[in-house]
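Data first, discussion second: the structure below is written as structure tokens.
Since this is a predicted model, take the numbers as computed values, not measurements. Order of the sequence lines sets the chain letters (A, B, ...), proteins ahead of strands, with each chain counted from 1.
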2 protein chains.
Amino acid sequence: MTARTGPQAIATQEVPLLGRFTQQRALVLEAFIEAEEAEGFVSAQSLHTRLAAADAPVGLSTVYRTLSALAEAGRADVIRDMHGERLFRYRPGSDHRHYLICTQCGVSVALDAVAVEKWAAGVARTSGFTAVQHTVELTGICPDCGPSAGGSSGG
Amino acid sequence: MTARTGPQAIATQEVPLLGRFTQQRALVLEAFIEAEEAEGFVSAQSLHTRLAAADAPVGLSTVYRTLSALAEAGRADVIRDMHGERLFRYRPGSDHRHYLICTQCGVSVALDAVAVEKWAAGVARTSGFTAVQHTVELTGICPDCGPSAGGSSGG
DNA sequence: TTCGTTGCAAAAGGTTTGCATACCA
DNA sequence: TGGTATGCAAACCTTTTGCAACGAA
């Protein structure tokens, strides 16, 4: 399919949603997509740190602004961890998704949540509420991090 | 039904979970329970403000500490609003609950979420994840706050 | 050239913590 | 009397914002 030649290729081909194309946005986007493939959700802070470590420093504000724009455009899912930090995950498609996230390593798995969607729709109908939106987050410990994975974490 | 004679009565009878009994904790508890009955979720900040307005000032730190202890003991549900603020709701029982919250007035409705519980349990089984926990939050606009409030509540 | 974007740093907003004092048990 | 809870204020963290300079179209 597409031969990626660098940040620009990714940005221009896959996410033509942002206003003006800049080197910084391409960098953030690239790191964001890589993070999605590797571990799922990431925070703006960690993305910022990662970029700096990768010798591609981008201002923290810019990371926030890019990620927020992405979320606004529906190209990213946003959740909050127990600490209150916002975590972003790149979303290739544009449909609503739910995830199961490992609390140990951060890896996330997209879920087939038809049952939840139906339930939520039913609640919306019977409650009299309008503009009902739902947030569903599952967390747990993935097989790789589990107690029987040669793990050393007591629990 | 018990005849409540004041904060102490509530605290000692219903929530013997905190370490030492103090006037402040009783006050926070009373306000917290009242808030639960009236509107559901409240933030520590608003509870603090409310107490001050009710001529029963309690330090903000104390409100936070009491609410956190309650949540820790399983006597309160905690969620985060879109702003990142933590919202608490008193929970008389000790079972796991889910709510539908009005984004306009903050009123919340406890939901019968058996369908979600089952789904979550199924996901836990098929995913290989262990210690799976779930967060489900529904938000919307209640009939009273809806566009046709005062008229017909769409169903 | 134009005007959106960047980056720094300070501000904002909520939550936690340190420490001396007050008070329950 | 002993030890815990309180309260103030400062610390912390993440996120947002103001503004001058930069650079993509």
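Taking 4.0 angstrom as the limit, B:Arg86 places a side-chain polar atom (N or O) nearer than this to OP1 or OP2 of C:dT16. B:Gln24 has a side-chain polar atom (N or O) that falls below the 4.0 Å cut-off from OP1 or OP2 of D:dG7. A sub-4.0 Å separation between OP1 or OP2 of C:dC24 and a side-chain N or O of B:Arg25 is absent. At C:dG7, one or more side-chain N or O atoms of A:Thr62 fall inside 4.0 Å of OP1 or OP2 (strictly under the cut-off).
In this structure, A:Glu117 places its CD atom where more than 12 heavy-atom neighbours from other residues, nucleotides or ligands lie under 6.0 Å away.
Computed from coordinates, the B:Ile79 CD1 to C:dT15 C1' distance equals 17 Å when rounded to whole Å. Note: CZ (B:Phe41) to P (C:dG14) measures 18 Å, nearest angstrom. What separates OH of A:Tyr64 from C1' of C:dG13 is a distance of 13 Å, to the nearest Å. When rounded to the nearest whole Å, the span between CG of B:Leu67 and P of C:dG14 equals 15 Å. Atom C1' of nucleotide C:dG7 and atom CD of A:Gln23 are separated by 16 Å, given to the nearest angstrom.
Checked by atom type and distance alone, the side chain of B:Arg91 never pairs as donor or acceptor with a backbone atom of B:Ala71 at under 3.5 Å.
Side-chain contact between B:Leu47 and B:Phe88: absent, with no pair of heavy atoms (C-beta onward) separated by less than 4.5 Å.
Each of D:dA24, D:dG7, C:dG7 was ranked by its minimum atom distance to the side chain of A:Arg20; first place goes to D:dA24. Which of D:dC8, D:dT15, C:dA9 sits closest to the side chain of A:Ser61 comes down to C:dA9. Between D:dC8, C:dG14, C:dT15, one nucleotide has an atom nearer to the side chain of B:Arg65 than all others, and that is D:dC8.
Looking at heavy-atom distances under 4.0 Å, A:Thr22 makes contact with sugar-phosphate atoms alone, never a base.
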